[in-house]
Student: 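Input: one structure, supplied below.
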Amino acid sequence: MAEKLWRVGTTYIPVTNVEESAVWYVSKLGAELNYQDQDKAIINLADQSLFLVKASAGQSANFTDSYGNVRFSLTFEVDGLSALEKLHYDLNQKGIKVGEIENRGHAGRNFVFDDPDGNRFDVWSELSPSFKEKYFTDQR
């Protein structure tokens with residue numbers, strides 16, 4: 001195969017109310033709204049396009065692992081532990097359901113948070129080295 005996949009361009013998130021969800025992502029997470037109709041909203045968040053797609057109640061992007069734990073399908077990265085701690089505090093202050101900061105036995109720390117529809121997201125304190133090299137060189 002001569003071609004390869006280069007990046008994830010779009011992630012689809014099921015929501016019950018497109019308008020309310022779009023407002024939540026913009027006001028609580030700082031997303032940028034690019035388009036909205038009755039069936040979907042397209043937002044930019046963390047250098048990625050997210051489609052908030054109208055779905056039936058009870059749908060989410062989560063899954064249950066083999067141990068019965070509800071898991072997230074998307075991890076956001078921040079630049080270091082202090083950034084993780086500040087974001088954790090800020091999201092908590094905005095009334096977002098956030099989990100405790102965890103040590104999962106690998107580099108960095110993590111926490112999870114949920115959107116109003118129960119879609120669970122992870123946040124990790126370590127930026128990927130290639131991303132850091134590309135976007136943070138000579139900017140500090």
Side-chain angles (χ1 to χ4, degrees):
M1 186 166 121
E3 289 299 319
K4 66 179 184 175
L5 302 173
W6 285 97
R7 69 180 202 97
V8 174
T10 304
T11 300
Y12 294 82
I13 307 295
V15 299
T16 54
N17 186 309
V18 171
E19 185 174 345
E20 287 178 9
S21 293
V23 167
W24 187 89
Y25 278 82
V26 169
S27 67
K28 302 287 188 179
L29 301 181
E32 176 186 322
L33 180 63
N34 288 328
Y35 176 83
Q36 183 177 332
D37 62 29
Q38 65 184 13
D39 297 318
K40 68 187 165 301
I42 303 170
I43 61 171
N44 284 342
L45 180 63
D47 200 31
Q48 187 174 134
S49 179
L50 298 179
F51 278 47
L52 307 176
V53 180
K54 186 172 182 154
S56 302
Q59 297 291 313
S60 78
N62 307 334
F63 66 95
T64 303
D65 69 16
S66 62
Y67 299 102
N69 301 309
V70 176
R71 301 295 300 258
F72 46 84
S73 60
L74 188 64
T75 298
F76 294 103
E77 298 175 351
V78 297
D79 192 16
L81 182 58
S82 63
L84 182 86
E85 290 169 340
K86 179 161 181 8
L87 180 63
H88 184 269
Y89 176 83
D90 291 346
L91 295 180
N92 195 29
Q93 291 300 300
K94 292 178 179 180
I96 296 173
K97 180 181 173 188
V98 295
E100 296 297 318
I101 294 176
E102 304 175 62
N103 178 352
R104 297 184 185 159
H106 56 68
R109 299 291 182 266
N110 298 69
F111 71 85
V112 296
F113 70 92
D114 292 2
D115 78 359
D117 286 291
N119 291 298
R120 181 162 292 168
F121 300 101
D122 185 49
V123 182
W124 185 34
S125 66
E126 303 298 311
L127 285 175
S128 300
S130 60
F131 182 87
K132 200 169 193 174
E133 180 180 313
K134 182 175 181 179
Y135 292 102
F136 285 78
T137 305
D138 298 326
Q139 292 184 15
R140 293 188 174 186

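Side chains included, hydrogens not; waters and symmetry mates left out as well; all remaining heavy atoms used.
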Student: If you define the side chain from C-beta out and look only at heavy atoms, does anything of D122 sit under 4.5 Å from R104?
Tutor: yes
Student: Are the side chains of N62 and S73 in touch, meaning some heavy atoms are under 4.5 Å apart?
Tutor: no
Student: Within this structure, what is the CD-CG distance for the pair E19 and L33, rounded to the nearest 0.5 Å?
Tutor: 10.0 Å
Student: Atom CG in N34, atom CZ in F51: separation rounded to 0.5 Å?
Tutor: 9.5 Å
Student: S60 versus D117: any side-chain heavy-atom pair under 4.5 Å?
Tutor: no
Student: Any side-chain heavy-atom pair from S49 and I43 closer than 4.5 angstrom?
Tutor: no
Student: For a quick check under 3.5 Å, do T10 and Q48 share a side-chain donor-acceptor pair by atom type?
Tutor: no
Student: From the options F113, F111, F72, select the one residue that forms a ring pair (Phe, Tyr, Trp, His ring centres under 6.0 Å) with F121.
Tutor: F113
Student: Check whether any side-chain N or O of D65 sits under 3.5 Å from a backbone N or O of Y67 as a donor-acceptor pair, and report yes or no.
Tutor: yes
Student: Quick check for you: to the nearest 0.5 Å, what is the distance between H88 atom NE2 and N110 atom CG?
Tutor: 11.0 Å
Student: Can you confirm whether T75 sits close enough to V123 that some side-chain heavy atom of one is under 4.5 Å from a side-chain heavy atom of the other?
Tutor: no
Student: Do E77 and S128 make a side-chain contact, defined as non-hydrogen atoms from C-beta onward lying under 4.5 Å apart?
Tutor: yes
Student: Less than 4.0 Å between a side-chain N and a carboxylate O, is that true for D90 and K86?
Tutor: yes
Student: Looking at side-chain heavy atoms only, is the closest gap between Y25 and I13 below 4.5 Å?
Tutor: yes
Student: Salt-bridge test for K54 and D37: reply yes if a basic N is under 4.0 Å from a carboxylate O, no otherwise.
Tutor: no
Student: Hey, could you give me the NZ/CG distance between K97 and D114, rounded to the nearest 0.5 Å?
Tutor: 4.5 Å
Student: Using a 6.0 Å cut-off, check whether atom OH of Y89 has over 12 heavy atoms from anything other than its own residue.
Tutor: no
Student: Check whether any side-chain heavy atom of W24 sits under 4.5 Å from a side-chain heavy atom of L29, and report yes or no.
Tutor: yes
